[in-house]
J.: 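Can you keep this structure in mind? I'll have questions shortly.
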Protein chains: 2
Amino acid sequence: MRPPIPEGNLAQPVILRLNSLRSLSKLGIAFLQQAILEGLQRAGPDEDIASEGDPVESIRIILSGWLCRYKTLEDGRRQIVNFVLPGDTCDACVYLLTMMDHSIGALTPVVYADIKRAAFEKLLASDRSIAEAFWCETMVSSTIQREWTVNIGRRVALERVAHLLCELHDRLYPVGMVDDGSCSFPVTQMDLADATGLSAVHVNRTLQELRGSGLITLRDRLLTIHDLKALQDTAMFTPHYLHTKRHG
Amino acid sequence: MRPPIPEGNLAQPVILRLNSLRSLSKLGIAFLQQAILEGLQRAGPDEDIASEGDPVESIRIILSGWLCRYKTLEDGRRQIVNFVLPGDTCDACVYLLTMMDHSIGALTPVVYADIKRAAFEKLLASDRSIAEAFWCETMVSSTIQREWTVNIGRRVALERVAHLLCELHDRLYPVGMVDDGSCSFPVTQMDLADATGLSAVHVNRTLQELRGSGLITLRDRLLTIHDLKALQDTAMFTPHYLHTKRHG
DNA sequence: CGCTGTTTTGATCGGGATCAAATCATGTGG
DNA sequence: CCACATGATTTGATCCCGATCAAAACAGCG
C-alpha cells in the first residue's frame, strides 16, 4: 500500500507558481489550499492521467512530480508538446472544450489535486486574484506553446536543446526547485528527443556538446547549469514569453 | 483616400466563427455587432497590427483579410506560429498578459474591429454565450498551437504542408470562405516556409508534389482541394483539435 | 544473475538546406 | 508602350545536419 500523503506544504508549489503570475490574496490562498487538500490523488510513472479523446470533467493541479503533454500519430511517432511541472495546472479550460485533444503522462511518481468542475468554479468565484492567476496560467501555457513552435521550427539542434533547458530552469526556479543551478531532471533522452523533434541519438550527441563546452552537467537525473548566461546565449533565449513577475 | 467601409454584413464571419464554437443568443449577437461597428479599423498588407513588446490594450476581431502571428530570432530567422483568419480574435487574453510576446502582421488588406479593454469586458459581461464563445476561441487557438508543434516536430515536409492546408480549409469552411473546395489563399511560399519550418525552395517542391498527385491546385492566390479525403490521409489529419461543432 | 531500459558510439544514408540563376509576374514612371 | 525595378516562383547542383541502423556499454532491479 502507498503511504499516506503528508499534507504539510503540499500546496506550496501551486501558491508559488500562481503568485509568480498574480499576487494572491490571503483569503484566496486559504480557499485554494482547502480545495487542493480535498482532491488529493497520485499517479505512477508512465501512467497517463488523461488521454486523447477523454471527456474533461475536472482540472488537475500538480503538487509534485513531472508530467508531459503529448500527441501521437497513427504510426507511433510521438511529439511531447509541453512538460507539466509542480505548481502547474492542467486544463483550466474545463469549462470550454469537452474533450481532451492530447494525452498527459507522468514521467515520475506524481501527487496532484483533482478538482471537479463545480468545485473549481466555486474556487474561481470565491476570489478574484485566484481566478485571474489561473486564467493567466492558462494563457502563459499558450505562449509557451508558441515558443515551442519557434524552437522546433527555426532553431538547430544545439540551440533547440539549450533553449528547452533554459525554459525548464526558468519555470522550475519560481517554485523553488532549483538549488544553486541544479535541479532534478527526470527526462530520458528519448523524451527529450520527442520534445525537441530530434532523434534520441542526436539528442545524446547534442548533450555531449553542451557538456563538452562546460555549460551543463546532466547525470543521474540531475541537471546542473554551470553558466546560465552562456546557455541562454547559445539558445537565443529570452524569458519574456514566460511572463513571470520579477522579484529579487 | 480609402473608401469608407461598407457596414452591411461585416460582422458575419465573427458570428459564424463564434457560433461554430458555442450557440450564441440573439441578444448576444446584437451586442457583439454593436461593439464591432464601433471600433472599425483597417490595415494594409505587410503592416503589423501588433508587435512583440507592445503593451496590450485592446482586442482585435478580424472581419476580413488574412494575418499571421510570428516571432523572429535575433539573426532574422522567422517562424509564423499561426494564421489569423476572418472571424478570429486576437488576444482575448488582454486581461492577463500585459505585453505582446509575438507580432501580428497583415498578409492582405485587413478590416478589423479594435475593442478597448473596458468595452470588451462590458461585452463579455452582457451575455454569457458571447463570453463563453470568446474563451472557447482562445482555448482553441491554444489547441491549434499544440498541433502545430506536432506538425513541425514530427511530420515530414509533404505531410506537413498537406496538414497545414487541411487545417486552413477546415477553419475557413465554417466562416463561409470555402466555395466548392476552393478558397482564397494569399500566402506566399516564403510565408508557407516560415509557417512549416521548411525552406521556401523545399515548399515549392512539396507543392509541386501535391499538385502532381492531383490533390490540389494552387495558382494566383487561389487554392483548390480536389480530394480532401486523400489530402487528409497524406497529412494524417484529424480535425478533433479544432473543436468545431458539426452542423450538416 | 539475467532482463529491460537508457546511454553511448560508430557508420551510413537521405531529406531538406543552401547557393545561384533563370523565369515569370506586377507595377511604376518616362 | 516600353524600360526597368521588385518580388514570387521555379529549376538545378551541391552540401550538411540530423535520421537511421546496429551494436556495445551501462545501468538498475526483481
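Quick note: numbers below take in every heavy atom, side chains included, and nothing from hydrogens, waters or symmetry partners. Naming: A, B, ... by sequence-line order, numbering from 1 per chain.
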J.: Less than 4.0 angstrom between a side-chain N/O of B:R211 and OP1 or OP2 of D:dT10, yes or no?
T.: yes
J.: Could you tell me how far apart A:Q208 (CD) and C:dT7 (P) are, to the nearest whole angstrom?
T.: 12 Å
J.: Between C:dT6 atom P and A:D46 atom CG, what is the distance in whole Å?
T.: 8 Å
J.: Specify the separation, in whole Å, of atom CG of A:D194 and atom P of C:dG5.
T.: 16 Å
J.: What is the distance, to the nearest angstrom, from the CG atom on B:L158 to the C1' atom on C:dG16?
T.: 13 Å
J.: So which atom in A:A11 and which in A:L63 form the shortest heavy-atom distance, rounded to 0.1 Å?
T.: CA-CD2, 4.5 Å
J.: Please say whether the positively charged group of A:R78, taken as NZ for Lys or CZ for Arg, lies over the ring of A:Y70, i.e. under 6.0 angstrom from the six-membered ring centre and within 45 degrees of the axis.
T.: yes
J.: Parallel, tilted or perpendicular: which one describes the rings of A:Y241 and A:H163, with boundaries at 30° and 60°?
T.: parallel
J.: Does a donor on one side chain and an acceptor on the other come within less than 3.5 Å for A:S142 and B:Q145?
T.: no
J.: Give A:R155 one of three labels, base, sugar-phosphate or nothing, depending on what nucleic acid heavy atoms sit under 4.0 Å from its own.
T.: nothing
J.: Please report, rounded to the nearest Å, how far the C1' atom of C:dG16 is from the CD atom of B:Q189.
T.: 15 Å
J.: Is the side chain of B:D170 donor-acceptor paired with the backbone N or O of B:E167 at a distance under 3.5 Å, no angle test?
T.: no
J.: Against B:Q189, only a single residue in B:V201, B:L218, B:L207 fulfils side-chain contact (heavy atoms from CB on, under 4.5 Å); can you say which?
T.: B:L207
J.: Just checking B:R221: base, sugar-phosphate only, or nothing, at a heavy-atom cut-off of under 4.0 Å?
T.: sugar-phosphate
J.: With a 3.5 Å cut-off and no angle check, do the side chains of A:T217 and A:H226 form a donor-acceptor pair?
T.: yes
J.: Can you build the contact string for nucleotides 17-27 of chain C? Use B for base contact, S for sugar-phosphate-only contact, and - for no protein heavy atom under 4.0 Å.
T.: SBB--------
J.: Any side-chain N or O of B:N204 below 4.0 angstrom from OP1/OP2 of D:dT10?
T.: yes
J.: Figure out the CG/C1' separation between B:L207 and C:dG16, and round it to whole Å.
T.: 15 Å
J.: Give the rounded distance in Å between these two atoms: CD of B:E159 and C1' of C:dG16.
T.: 14 Å
J.: Round to the nearest Å and state the distance from B:L218 atom CG to D:dA8 atom P.
T.: 14 Å
